[in-house]
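What you see is a predicted model; the values in this text were computed from it and never measured. Residue numbers begin at 1 in each chain, while the letters A, B, ... track the order of the sequences.
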Protein chains: 2
Amino acid sequence: MVTDKTTEKGSTRYHHGNLRPTLLSVARALLEEGGPQALSLREIGRRAGVSAPAAYHYFSSLDALAAALAEQGFAELSEEIDAALAGPRRHLLAGGIAYVAFARANPGLYRLMFGEGFQAYSKGNEAIGASRMRVYRQMKEDLEKRLAPEKVANAALFLWSLTHGLALLTIDGQIEPGVDPDARVAEVLKLAGLGLPAAK
Amino acid sequence: MVTDKTTEKGSTRYHHGNLRPTLLSVARALLEEGGPQALSLREIGRRAGVSAPAAYHYFSSLDALAAALAEQGFAELSEEIDAALAGPRRHLLAGGIAYVAFARANPGLYRLMFGEGFQAYSKGNEAIGASRMRVYRQMKEDLEKRLAPEKVANAALFLWSLTHGLALLTIDGQIEPGVDPDARVAEVLKLAGLGLPAAK
DNA sequence: TCATGATTTTAACAGTGTAAAGATTGGATC
DNA sequence: GATCCAATCTTTACACTGTTAAAATCATGA
């Protein structure tokens with residue numbers, strides 16, 4: 001069979017396309033369409049115009065492919081946080097806003113990175129566990145500049161919990177429609193610095 | 001075939017056991033062993049000593065069975081929070097501690113209740129969406145007694161995010177081993193009332 | 001006693017991840 | 001330029017899954 005294989009760029013290809021990136025990009029689209037549950041090697045192959053076992057030349061399993069996606073996500077998230085922290089606005093708040101904005105822009109990917117499947121595909125993949133810790137470190141380092149040492153651990157867990165929880169609830173549609181999500185997120189995150197408002 | 005079917009109680013059974021509760025309890029065990037991903041109708045049937053399609057007389061699908069488990073979970077969680085709020089300790093803090101303790105005691109169930117599969121099995125099941133909201137209401141009602149009306153919405157989202165995030169991070173093993181989880185949770189939740197510690 | 005209705009089983013279908021084997025091809029070597 | 005090689009992809013097959021349709025079984029009311 002000598003059918004033409006046209007890649008996304010429209011050019012007719014030799015053996016077959018540059019598959020690995022194609023697989024990842026197709027998988028990512030699938031991920032955002034239907035969440036981590038929708039990730040399927042056969043569907044990925046189908047959309048890439050390739051037979052399902054073809055993916056096994058680049059990934060040892062579906063979980064391995066998912067892990068690669070997650071690593072991609074951690075790299076991007078880390079970058080966005082760095083950019084926000086380098087920006088003109090208040091450090092921790094800007095970082096938190098960027099964190100939640102990333103989750104909102106990539107809900108499927110965020111669920112993959114922090115979801116239930118995490119233990120499964122991170123088995124034997126130490127890199128991705130480390131990636132996950134890196135974003136935590138970013139928060140923590142900022143806190144270390146501003147707090148007494150014995151208070152850092154609790155404050156870091158506090159901030160990470162708040163941000164992570166807010167990201168997930170946002171993704172799950174718990175922010176009322178009609179309000180600007182960034183503004184709402186900022187308001188909520190500000191409470192972290194101020195504590196609960198005073199009693200009436 | 002006239003084989004004896006012995007239930008968990010050890011008694012020999014007529015037609016076959018009281019299946020629905022057995023299915024639920026077996027499924028719940030499976031859930032805590034391997035997380036929501038491990039839920040499998042065939043495995044549930046196997047452990048219940050019954051053929052897989054038997055479950056279809058009580059649940060229209062695997063998702064429906066998962067929804068029933070989730071509802072069970074919401075009822076229990078709600079009860080534990082009520083009990084904590086009625087107790088002698090500080091209201092919101094005690095509620096938060098009970099919330100996280102529930103997640104720690106039932107990690108698989110908690111992931112099912114708030115995890116990625118949620119949208120899937122809550123389709124056409126309005127009851128469980130409502131159940132999910134009920135725990136939010138509990139927090140919110142308590143806040144309404146203590147805050148000016150315009151501050152309630154943000155404060156509620158703030159507290160829910162923090163508690164939900166802390167529960168998930170705890171489940172994911174982000175609390176250092178060796179410390180008492182309840183104590184650690186209490187310390188972190190206290191920061192919600194106090195704000196971040198003052199700069200050094 | 002016996003028919004009825006509820007319960008469970010067997011058989012089958014379409015879908016999945018994955019392993020093993022064979023086919024195809026692009027590029028290096030003569 | 002022809003030829004071999006190693007990388008890449010396909011075909012085939014297996015075990016597993018959720019789910020449906022049909023048949024078998026049993027508990028109980030008439």
Side-chain angles (χ1 to χ4, degrees), chain A residues 1-8 11-24 26-27 30-31 33-69 112 116-117 120-121 123-125, chain B residues 1-7 11-24 26-27 30-31 33-69 112 117 120-121 123-125:
Chain A
M1 199 161 42
V2 199
T3 60
D4 305 59
K5 297 243 176 181
T6 54
T7 70
E8 304 156 323
S11 60
T12 301
R13 279 298 183 185
Y14 41 101
H15 199 173
H16 299 90
N18 57 335
L19 197 52
R20 209 191 117 108
T22 302
L23 290 174
L24 284 173
V26 160
L30 205 56
L31 182 61
E33 282 178 35
Q37 311 266 21
L39 275 187
S40 148
L41 260 185
R42 291 190 116 109
E43 178 64 18
I44 290 169
R46 223 169 279 141
R47 295 196 182 191
V50 115
S51 207
Y56 283 85
H57 255 265
Y58 302 97
F59 306 98
S60 65
S61 69
L62 176 60
D63 281 346
L65 197 157
L69 281 179
L112 183 70
E116 55 200 56
Y121 57 75
K123 280 279 191 303
N125 189 336
Chain B
M1 198 161 43
V2 201
T3 60
D4 305 60
K5 298 243 174 181
T6 54
T7 71
S11 60
T12 300
R13 278 299 182 186
Y14 42 103
H15 199 175
H16 299 92
N18 57 335
L19 199 50
R20 208 192 117 108
T22 302
L23 289 176
L24 283 174
V26 160
L30 205 56
L31 183 61
E33 283 177 34
Q37 310 267 21
L39 276 187
S40 147
L41 260 185
R42 290 191 117 109
E43 178 65 19
I44 291 170
R46 225 168 277 141
R47 295 197 182 190
V50 114
S51 207
Y56 283 84
H57 253 264
Y58 303 98
F59 306 99
S60 64
S61 69
L62 176 59
D63 280 347
L65 197 156
L69 281 179
L112 182 70
Y121 58 75
K123 280 281 191 302
N125 190 335

> Over how many whole Å does the gap from B:H57 atom NE2 to D:dG18 atom C1' extend?
17 Å
> Could you tell me how far apart B:L23 (CG) and C:dT8 (C1') are, to the nearest whole angstrom?
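Interatomic distance, CG of B:L23 to C1' of C:dT8: 12 Å.
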> Check the distance between D:dA7's C1' and A:R20's CZ and give it to me in whole angstrom.
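Atom CZ in A:R20 sits about 16 Å away from atom C1' in D:dA7.
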> What pairs with B:A55 under side chain to side chain contact (heavy atoms under 4.5 Å, CB included), at least two apart in sequence or on another chain?
B:L23, B:L41
> Without decimals, in angstroms, what is the distance between B:F59 CZ and C:dT7 C1'?
15 Å
> Can you name the side chain to side chain contact (heavy atoms under 4.5 Å, CB included) partners of B:P21, sequence neighbours left out?
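With neighbours one apart ignored, the set is B:N18.
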> Which residues satisfy the side chain to side chain contact (heavy atoms under 4.5 Å, CB included) test with B:S61, sequence neighbours excluded?
B:D63, B:A64
> D:dT10 C1' sits how many Å from A:L19 CG, rounded?
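About 13 Å, once rounded to whole Å.
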> Do you know the tightest heavy-atom contact between A:L24 and A:A68?
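The pair with the smallest heavy-atom distance is CD2-CB, 4.0 Å.
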> Dump the intermediate steps for side chain to side chain contact (heavy atoms under 4.5 Å, CB included) on A:L65 and A:I44, then the final yes or no.
CA-CA 11 Å; A:L65 197 157; A:I44 290 169; 4.3 Å; yes
> According to salt bridge (Lys or Arg N to Asp or Glu O under 4.0 Å), who are the partners of B:R42, at least two apart in sequence or on a separate chain?
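Counting only residues at least two positions away or on another chain, B:R42 forms no salt bridge (Lys or Arg N to Asp or Glu O under 4.0 Å).
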> Is there any protein nitrogen or oxygen under 3.5 Å from a nitrogen or oxygen in nucleotides 15-19 of chain C, and what are the pairs?
{"residue": "C:dT16", "atom": "OP2", "partner": "A:R46", "partner atom": "NH2", "Å": "2.9"}
{"residue": "C:dG17", "atom": "OP1", "partner": "A:L41", "partner atom": "N", "Å": "2.8"}
{"residue": "C:dG17", "atom": "OP2", "partner": "A:L41", "partner atom": "N", "Å": "3.3"}
{"residue": "C:dG17", "atom": "OP2", "partner": "A:R42", "partner atom": "N", "Å": "3.0"}
{"residue": "C:dG17", "atom": "N7", "partner": "A:R42", "partner atom": "NH1", "Å": "2.5"}
{"residue": "C:dG17", "atom": "O6", "partner": "A:R42", "partner atom": "NH1", "Å": "2.9"}
{"residue": "C:dT18", "atom": "OP2", "partner": "A:Y56", "partner atom": "OH", "Å": "2.7"}
{"residue": "C:dT18", "atom": "OP2", "partner": "A:L62", "partner atom": "N", "Å": "2.8"}
{"residue": "C:dT18", "atom": "O5'", "partner": "A:Y56", "partner atom": "OH", "Å": "2.7"}

